[in-house]
Amino acid sequence: MTRDDSTGANALGFEPEDLDGHTMDELSDYLDAGRQPADPSIDASPGCRIALDALERLRRLGPALLDQDTAGEPQPDDNWVRSILDGIARDARAGRRIPFPVAEPDDDLGITEGAVRGLIRAAGDGVPGVLIGRCRLDGEVTTPGAPVRIEVEASVPYGLPISRLAERLRDEIGERLRTHTELNVTGIDIVVHDVRDLPSSGGSVR
């Protein structure tokens, strides 16, 4: 990934508190170093962990994109990379607090909207070559049991059936949300906004 001012925290809409004072460049360097030596100020930051995980998923396609470039094929449009980075910026923000139903009045349990978006983005790992851009939770997530609809934008590899990719991604997202949240998800909309040329080694859809 080429580093320039466009990948900085401010350009992506980060506020300093989103990454607990760190920048995207620092997180990129931390990944380059294999997260060694360990930096507790990064490892203990929810926003930094979400951003690091998303950056790692984005980097997994780096070798394939490099192979494509050296083969003399047209370079992929920067727009899909921008959409992924923009999504990482949104994920790192805590957003709304989503409460869990509790049995005792004094109990107070919940999960942040940013963490839920991180779960949704991680679901892309289960579908070969898919990268998730924007994730949106549409509904009153702060009210337990209120209906919530999920909208996800995705970038997919060329040559694989889009309908089956979308179905698999929807299943992966639904499973993760059922396992880790109490959200009343009434629907998951998958919008494919980009199709990328990648080598056939990216996997297959069963």
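Inspection of the H193 and S155 side chains reveals no N or O donor paired with an N or O acceptor under 3.5 Å. Of the N and O atoms on the side chains of D25 and T23, not one donor lies less than 3.5 Å from an acceptor on the other residue.
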**Request:** Take T142 and I98 through the side chain to side chain contact (heavy atoms under 4.5 Å, CB included) test and state the conclusion after the steps.
**Result:** CA-CA 5 Å; T142 57; I98 303 170; 5.9 Å; no

**Request:** Determine, stepwise, if the pair S41 / D20 fulfils side chain to side chain contact (heavy atoms under 4.5 Å, CB included).
**Result:** CA-CA 8 Å; S41 68; D20 293 307; over 6 Å; no

**Message:** Under the criterion side chain to side chain contact (heavy atoms under 4.5 Å, CB included), I'd like the reasoning laid out for V148 against N184: C-alpha separation, chi angles, the key distance, then a yes or no.
**Reply:** CA-CA 6 Å; V148 176; N184 176 21; 5.7 Å; no

**Request:** Tell me, with the steps shown, if R49 and D43 meet side chain to side chain contact (heavy atoms under 4.5 Å, CB included).
**Result:** CA-CA 6 Å; R49 292 201 305 271; D43 295 334; 5.6 Å; no

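Using a cutoff of 4.0 Å between basic side-chain nitrogens and carboxylate oxygens, R149 and D189 are scored as salt-bridged.
With sequence neighbours excluded, the residues that form a side chain to side chain donor-acceptor pair (under 3.5 Å) with R178 are E175. For the side chain to side chain donor-acceptor pair (under 3.5 Å) test, no residue two or more places apart in sequence or in another chain qualifies with D171.
Atom CD1 of I120 sits about 4.5 Å away from atom CD1 of I150, to the nearest 0.5 Å. Separation of atoms CZ (F100) and CD1 (I111) is listed at 5.0 Å; rounding is to 0.5 Å. Between the CD1 atom of I162 and the CD1 atom of I190 there is a distance of 12.5 Å, given to the nearest 0.5 Å. With rounding to the nearest 0.5 angstrom, the NE2 atom of H22 is 6.5 Å from the OG atom of S45. Note that CD1 of I132 and CG of L169 are 4.5 Å apart. Values are rounded to the nearest 0.5 Å. Interatomic distance, CD of E182 versus CG of L177, reported as 11.5 Å (0.5 Å rounding).
E172 has its side chain within reach of V127: a pair of non-hydrogen atoms, C-beta onward, lies under 4.5 Å apart. In this structure, the side chains of P161 and L165 stay at 4.5 Å or more apart for every pair of heavy atoms.
Legend: salt bridge (charged side-chain N to carboxylate O under 4.0 Å, His left out) pairs involving residues 137-147, not counting sequence neighbours, sorted by first then second residue: R136-D138.
Proximity of a side-chain donor or acceptor of R170 to a complementary backbone N or O of I188 within less than 3.5 Å is detected. Put simply, the side chain of T112 gets close to the backbone of A115: a donor and an acceptor are under 3.5 Å apart.
Taking hydrophobic clusters as Ile, Leu, Val, Met, Phe, Trp and Tyr residues chained together by side-chain heavy-atom distances below 4.5 Å, V195 does not share a cluster with V191.
Pairing each heavy atom of Y30 with each of D39, the nearest pair is OH-N, 2.8 Å. Listed here is the closest heavy atom pair of P157 and G129: CD-O, 3.5 Å.
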